[in-house]
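Beneath this line is the structure, given in structure tokens, with notes to follow.
Please read all numbers here as calculations on a predicted model, not as lab measurements. All chains are named by letter (A, B, ...) in the order of the sequence lines, taking the proteins before the strands, and each is independently numbered beginning at 1.
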Amino acid sequence: MDRARQRSANPWLVLVFEVVFVTASETLLKVGASKTARVAGWEWTGLLALGSIWIWCAIGLIVLSFLCWIYVLRYIPLSIAFPLSNVVHVLIPLNCWIFLGEHISPQRWCGIAIVILGLAMVAKPVAKIEEQL
Amino acid sequence: MIPAHMTVLILVFTIEVTATVVGQLLVKHAMEGSRTVGFTHPRILKLFAGGVGALTISFFLTIALLQHFDLSVFYPIQGSTVVIITLAAVIFLRERLTPQLLIGALLISAGIVLVSLS
């Protein structure tokens with residue numbers, strides 16, 4: 001008997017948590033990466049960023065998002081879960097627009113709309129998969 | 001002639017994308033297997049460790065790319081990983097590819113490129 005039926009949390013809900021953690025960590029990564037100094041010859045490794053507290057907060061969130069992600073992968077096909085996880089590319093610009101007051105150009109709004117359309121196309125057959133589980 | 005920093009950029013991007021794809025495939029394969037033989041099975045643990053290793057490499061390369069290259073260069077390539085991982089999952093993990101899934105993945109990639117170029 002498949003152990004998948006013994007699951008305790010809805011994998012689709014866990015995917016939502018994963019996406020929220022990634023959105024928060026990406027924002028912190030950008031802050032931390034911008035603040036760390038450059039030393040010639042080593043900058044390409046990204047290791048110098050470890051000197052920033054923001055990077056460590058981001059790593060904490062990434063660990064949380066990764067735990068959510070492996071739980072998601074236990075139940076949802078990668079070819080569906082991975083495209084859906086890219087909703088972060090909608091959430092991050094919206095996050096910047098709402099909380100950081102950044103401007104979003106019409107072209108960028110079009111891009112966001114196209115991503116949402118793609119997400120809807122990937123998610124539509126999900127209802128059928130869920131019925132089979 | 002291609003400038004030296006462009007060569008490094010292309011190389012780092014290639015390694016980053018490859019590490020992401022390989023890492024996701026290995027972790028998915030491990031988690032899929034854990035449903036039947038359990039997570040502590042030696043074969044599952046090896047697959048999982050390999051996947052986490054690859055994703056760790058991709059994580060630090062992502063930071064490096066964020067530090068030194070323009071987001072408008074970085075994100076279109078991030079966007080392309082959607083299509084690559086979807087196809088890789090179909091080819092290597094024998095997941096089902098529907099026309100709707102392929103079009104959806106292509107739209108997401110295209111949308112990410114458009115978001116990052118503007």
Side-chain angles (χ1 to χ4, degrees), chain A residues 2-4 26 29-30 32-34 36 38 43-50 55 58-59 62 66 69-87 89-90 92-93 104-125 129, chain B residues 8-9 11-12 24-25 27-32 34-39 48 51-52 55 59-68 71 75 78-79 81-83 85-90 92-93 95-98 100-118:
Chain A
D2 194 339
R3 293 188 187 191
E26 288 266 348
L29 269 188
K30 181 59 190 161
S34 307
T36 43
R38 297 181 182 197
E43 61 267 62
W44 54 272
T45 60
L47 290 172
L48 290 172
L50 291 172
I55 294 290
I59 290 173
I62 284 187
F66 185 70
W69 181 241
I70 59 174
Y71 184 84
V72 165
L73 286 188
R74 203 173 151 113
Y75 305 108
I76 304 176
L78 182 62
S79 58
I80 289 174
F82 192 81
L84 289 183
S85 73
N86 278 270
V87 72
H89 293 291
V90 173
I92 291 171
I104 298 182
S105 69
Q107 194 185 341
R108 191 161 284 183
W109 281 118
C110 286
I112 291 171
I114 291 171
V115 172
I116 292 171
L117 190 64
L119 289 167
M121 286 200 73
V122 174
K124 211 181 169 190
I129 292 168
Chain B
V8 175
L9 182 144
L11 187 68
V12 176
Q24 292 289 358
L25 287 177
V27 170
K28 172 60 185 171
H29 196 47
M31 293 317 288
E32 194 79 45
S34 76
R35 288 169 58 154
T36 47
V37 297
F39 188 71
F48 189 74
V52 170
L55 291 176
F59 172 77
F60 282 105
L61 292 179
T62 301
I63 298 178
L65 291 167
L66 280 174
Q67 267 176 325
H68 300 286
L71 276 178
Y75 270 99
Q78 283 292 92
T81 59
V82 179
V83 175
I85 286 184
T86 301
L87 293 178
V90 169
F92 296 108
L93 303 176
E95 291 184 2
R96 213 162 71 87
L97 181 69
T98 62
Q100 202 173 9
L101 179 59
L102 184 61
I103 294 168
L106 284 169
L107 282 172
I108 294 169
S109 283
I112 292 169
V113 172
L114 200 56
V115 165
S116 55
L117 290 181
S118 44

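- With a 4.5 Å cut-off on non-hydrogen atoms, B/Leu97 does not touch chain A at all.
- Within the 4.5 Å cutoff, the side chain of B/Ser34 has heavy atoms near those of the A/Arg74 side chain.
- Expressed to the nearest 0.5 Å, how far CG of A/Leu119 lies from CG of B/Leu107 amounts to 9.5 Å.
- For A/Ile62, the part lying near chain B is the side chain, with the backbone staying farther off; criterion is any non-hydrogen pair under 4.5 Å.
- Using a 4.5 Å cut-off between heavy atoms, B/Leu93 touches chain A through its side chain atoms alone.
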Listing, residues 78-85 of chain A side-chain donor-acceptor contacts under 3.5 Å, not counting sequence neighbours, or none:
| from | atom 1 | to | atom 2 | distance (Å) |
| --- | --- | --- | --- | --- |
| A/Ser79 | OG | B/Glu95 | OE1 | 2.6 |
| A/Ser85 | OG | A/Phe82 | O | 2.6 |

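- Considering every non-hydrogen atom in both A/Gly111 and B/Val115, the closest pair reads C-CG2, 3.5 Å.
- Taken to the nearest 0.5 Å, the CE atom of B/Met31 stands 9.5 Å off from the OH atom of A/Tyr71.
- Between the CZ atom in B/Phe60 and the CD1 atom in A/Ile55 there is a gap of 9.0 Å [rounded to 0.5 Å].
- Using a 4.5 Å cut-off between heavy atoms, B/Ser109 does not touch chain A at all.
- Around the CZ atom of B/Phe92, the shell of radius 6.0 Å holds no more than 12 heavy atoms that belong to other residues, nucleotides or ligands.
- Closest of all the heavy-atom pairs between B/Lys28 and A/Leu73 is NZ-O, 2.6 Å.
- Take B/Phe48 and apply the ring-ring contact (aromatic ring centres under 6.0 Å, His included) test, not counting sequence neighbours, and it matches B/Phe39.
- Shown here for B/Gly104 and A/Met121, the closest heavy-atom pair between the two residues is CA-CB, 3.8 Å.
- Across every non-hydrogen atom of A/Val122 and B/Ala105, the tightest pair is CG2-N, 3.9 Å.
- With chain B as partner, the option from A/Val115, A/Ile116, A/Val72 having the largest number of non-hydrogen pairs under 4.5 angstrom is A/Val115.
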